[in-house]
Amino acid sequence: MAEYVPTPIQWVREHVERYEGSGGTQSTSLLETGLPCIIVTHTGNRTGAVRKTPLMRVQHGKSYVLVASQGGAPKNPVWVHNLRANPNVEIRDATEVFQMRVREIDDAEERARLWALCVQAFPPYEEYRNKTSRTIPVFLAEPA
Ligand code: F42
């Protein structure tokens, strides 16, 4: 089995440790916002390592929308390359764990519909979109 390699970003690494270490009963939200997060477990496209990335929870029926906002930074987060290369992921939502498959949303209409859900779940996404000139990648994770 591939080895889990934690992210070098300390606060994110600690968030994963607390969330997963508690079996999804603690630290399931983003700091002081109180808004819920999920943990996406995916595969490094170069190293094959197991990677874990917390994201805001945007639910769409039994699916989840994943937003590569990175706080409106100019560059995409690295996990985008991993999801494009290997769409099979595991998603932990509090105490539940699902095997899922992601697809990137390219269609403008579908994207606009899903974006409305994203902003409803986490209003700062709209600020991040205005802050960056890149098109923020959006993925839909659906039950595998
Ligand atoms: N980030 C978001 O983009 N959107 C969110 O909604 C979001 C919410 C959120 C909530 C809580 C929280 O704790 C963090 C949250 N974040 C959110 C931050 C998110 O978890 C990530 O930290 C952030 O998006 C940056 O992701 P990143 O993949 O760019 O992180 C880098 C720093 C990283 O972890 N790099 C590792 C490393 O060792 O350098 C892994 C690199 C990797 O995956 N390497 C691949 C491999 O093969 O292993 C190769 C990748 C390549 O370049 O092809």
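Indexing begins at 1, ligand by ligand and atom by atom, following the structure's order. None of the values given here were measured: they were computed from a predicted structure. Just so you know, these numbers use all the heavy atoms, side chains as well, and skip hydrogens, waters and symmetry mates. We number each residue from 1, following the sequence as shown.
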Inspect the contact between Asp106 and Arg111 and indicate whether a charged nitrogen and a carboxylate oxygen are less than 4.0 angstrom apart. no
Please state whether Phe122 comes within less than 4.0 angstrom of ligand 1, counting heavy atoms only. no
Ligand 1 versus Val67, non-hydrogen atoms closer than 4.0 Å: side chain, backbone, both, neither? backbone
Backbone of Thr25 reached by a side-chain donor or acceptor of Ser22 within 3.5 Å: yes
Please report the closest heavy-atom contact between Cys118 and Val65, naming both atoms and the distance. SG-CG1, 3.6 Å
Counting distance only, does the side-chain N/O of Tyr64 pair as donor-acceptor with the main-chain N or O of Phe139 below 3.5 Å? no
N/O separation below 3.5 Å, Asn45 to ligand 1: yes
Would you say ligand 1 has an N or O under 3.5 Å from any N or O of Trp11? no
Tell me which protein heavy atom sits closest to atom 44 (N) of ligand 1, plus the residue, atom name and distance to 0.1 Å. Arg51 NH2, 3.5 Å
To the nearest 0.5 Å, tell me how far Cys37 SG sits from Arg57 CZ. 9.5 Å
What class does the angle between the rings of Tyr125 and Phe122 fall in, given that below 30° is parallel, 30 to 60° is tilted and above 60° is perpendicular? perpendicular
Could you work out, for atom 16 (N) of ligand 1, the closest of Gly44, Ser27, Ser69, Pro54 by heavy-atom distance? Pro54
Nearest non-hydrogen protein atom to atom 31 (C) of ligand 1, with distance, is Thr7 OG1, 4.3 Å
Quick one: does ligand 1 sit under 4.0 Å from the side chain of Val5, the backbone, both or neither, non-hydrogen atoms only? neither
Donor-acceptor check, side chain of Thr33 to backbone of Leu30, threshold 3.5 angstrom: yes or no? yes
Counting both backbone and side chain atoms, is some N or O of Pro8 under 3.5 Å from an N or O of ligand 1? no
Within the distance-only criterion (no hydrogens, no angle test), does the side chain of Asp93 pair as donor or acceptor with the backbone N or O of Ile38 below 3.5 angstrom? no
Lys/Arg-Asp/Glu bridge criterion (N-O < 4.0 Å) met for Arg103, Glu110: yes
If I apply the N/O under 3.5 Å rule, does Leu55 come out as touching ligand 1? no
Check each heavy atom of His81 against ligand 1 and say whether those closer than 4.0 Å belong to the side chain, the backbone, both or neither. side chain
Short N/O distance, under 3.5 Å, between Pro6 and ligand 1? no
Gap separating the CD atom of Gln70 from the CG atom of Asn76, nearest 0.5 angstrom: 8.5 Å
Quick one: look up the protein heavy atom nearest atom 27 (P) of ligand 1 and list residue, atom name and how far away it is. Val78 N, 3.5 Å
Using a 4.0 Å heavy-atom threshold (strictly under), name the region of Val16 that reaches ligand 1: side chain, backbone, both or neither. neither
His42 and Trp79, any side-chain heavy atoms less than 4.5 Å apart: yes
Flag Tyr125 as yes when one of its N or O atoms lies below 3.5 Å from any N or O atom of ligand 1, and as no otherwise. yes
Side chain, backbone, both or neither: Met56 near ligand 1, heavy atoms under 4.0 Å: both
For ligand 1, note which part of Gln70 has a heavy atom under 4.0 Å away: side chain, backbone, both or neither. both
Is there a polar contact, in the sense of an N or O pair closer than 3.5 Å, between Gly48 and ligand 1? no
Strictly under 4.0 Å, does any heavy atom of Ala49 approach an atom of ligand 1? no
Suppose we measure from atom 21 (C) of ligand 1 to each protein heavy atom; which comes out shortest, and what is that distance? Thr53 CG2, 4.0 Å
